[in-house]
Amino acid sequence: MAQGGRRAGGAKEAMTTSAVALLREHGVAGTSFADVLAHSGAPRGSVYHHFPGGKAQLVEEATRAASDALTAEITRLLRDHGPVFALRAVVELWRRELARGDYTAGCPVAAAALGPVPGARAAAGAALRDWESAVAESLHREGVPRDRAATLGTLVVSTLQGALVLARAQRSTAPLDAVVTELETVCGAALDGARS
């Protein structure tokens, strides 16, 4: 990132990127325009120029940016490596992020889902459905019946999100380790059943 948080995308992109980082740590209620400006280095006058809808617009756009990036990565992992590898890869990423951020960094999409901004909640809901569908489609491609794959998609996403909350609260990656092992077992059994 260039000095002052500005890069080729300019102040708006810098503020959106900073908002994503701050949402991960502080949630919607704990993230202010002042925090975003300080984190991004964007000029004060750019706030209402780029986000005339105020904080709600910033949070919604940050949620969409985070959702798009995460959905693309999850979809790539599932497509290139299959569901079991993708589970491990996501948990490994969260383990590193938790350690690097002293257990303060969560999921910006989950933060938006729990926040008071309706547009951000809707964007988060859409992203979570996309993740469920991506997992389900990956399992179905490998032979798991569509209904079972859909149920497992919901199980995987909700369990991983819950484990991330526990990991932050307990300041330990043990919940993530526990659930990824169980999810691998459940998904592995579904895949084995589909192949037999």
Side-chain angles (χ1 to χ4, degrees), residues 1 5 7-9 12-28 31 39-40 58-101 103-115 119-142 144 149-150 152-168 173 175-177 179-184 186-188 191:
M1 186 181 291
R7 10 181 221 191
K12 184 173 184 176
E13 182 180 337
M15 285 189 289
T16 302
T17 300
S18 289
V20 170
L22 293 168
L23 288 171
R24 292 180 70 207
E25 292 185 19
H26 307 294
V28 175
T31 300
H39 189 274
S40 68
L58 171 62
V59 170
E60 184 174 343
E61 290 191 27
T63 302
R64 289 187 196 290
S67 297
D68 290 348
L70 290 167
T71 299
E73 182 61 12
I74 290 166
T75 302
R76 184 193 66 77
L77 286 167
L78 289 164
R79 181 191 63 236
D80 294 351
H81 304 288
V84 175
F85 178 93
L87 285 170
R88 274 276 168 209
V90 168
V91 167
E92 231 4 84
L93 171 67
W94 283 352
R95 287 173 61 84
R96 286 193 307 270
E97 290 295 318
L98 287 166
R100 182 176 26 238
Y103 291 90
T104 60
C107 176
V109 174
L114 298 172
R121 278 199 313 267
L128 293 166
R129 280 189 301 276
D130 287 347
W131 301 350
E132 290 176 78
S133 296
V135 172
E137 190 54 40
S138 178
L139 289 163
H140 182 64
R141 272 195 308 272
E142 295 194 31
V144 176
L152 288 171
T154 300
L155 177 70
V156 166
V157 172
S158 59
T159 302
L160 288 177
Q161 286 290 338
L164 181 56
V165 170
L166 289 174
R168 286 183 72 190
T173 59
L176 287 168
D177 297 334
V179 302
V180 77
T181 299
E182 290 299 323
L183 289 173
E184 283 180 338
V186 170
C187 289
L191 291 166

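All values below were derived from every heavy atom in this structure, side-chain atoms included, with hydrogens, water molecules and symmetry-related copies excluded. Predicted model, so just to flag it, every value in this text is computed and none were measured. Sequential numbering from 1 along the given sequence is applied to the chain's residues.
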Item to check | Pairs flagged by side chain to side chain donor-acceptor pair (under 3.5 Å) wherever residues 74-85 is involved - sequence neighbours left out | outcome: E73-R76
Checklist entry - What pairs of residues pass the side chain to side chain donor-acceptor pair (under 3.5 Å) test when at least one of them lies in residues 119-132, not counting sequence neighbours? => result T71-W131, E132-T154
Item to check | For D177, all residues meeting salt bridge (Lys or Arg N to Asp or Glu O under 4.0 Å), sequence neighbours excluded | outcome: R95
Item to check | Atom pair CG (L114) and SG (C107), whose distance is rounded to the nearest 0.5 Å | outcome: 9.5 Å
Item to check | Results of side-chain contact (heavy atoms from CB on, under 4.5 Å) for S67 - residues two or more places apart only | outcome: T63, V109, A127
Next on the checklist: Run L164 and L98 through side chain to side chain contact (heavy atoms under 4.5 Å, CB included) and show every step you take.
Outcome noted: CA-CA 9 Å; L164 181 56; L98 287 166; 4.0 Å; yes
Checklist outcome for this item: Taken in chain and number order and not counting sequence neighbours, the residues that satisfy side-chain contact (heavy atoms from CB on, under 4.5 Å) with A21 are H39
Next on the checklist: What I'd like to find out is whether the side chain of V179 reaches to under 4.5 Å of the side chain of L166, using heavy atoms alone.
Outcome noted: no
Next on the checklist: Among residues at least two apart in sequence or on other chains, which ones pass salt bridge (Lys or Arg N to Asp or Glu O under 4.0 Å) with E60?
Outcome noted: R64
Next on the checklist: Do S158 and Q161 have side chains that approach each other closer than 4.5 Å (heavy atoms only, starting at C-beta)?
Outcome noted: no
Checklist entry - Taking only residues two or more places apart in sequence or in another chain, which ones pass side-chain contact (heavy atoms from CB on, under 4.5 Å) with V135? => result L78, L139, V156
With a 3.5 Å cut-off and sequence neighbours excluded, list the donor-acceptor pairs that the side chains of residues 83-93 form with protein atoms.
unit_1	atom_1	unit_2	atom_2	d
R88	NE	E184	OE2	2.8
R88	NH2	E184	OE1	3.2

Next on the checklist: Restricting to side-chain contact (heavy atoms from CB on, under 4.5 Å), what partner residues turn up for V186, sequence neighbours left out?
Outcome noted: R148, L152, L155
Checklist outcome for this item: Residue pairs meeting salt bridge (Lys or Arg N to Asp or Glu O under 4.0 Å), one or both in residues 18-28, sequence neighbours left out, come to R24-E97
Checklist outcome for this item: On a heavy-atom basis, the closest approach of A112 and V28 is CA-CG2, 4.1 Å
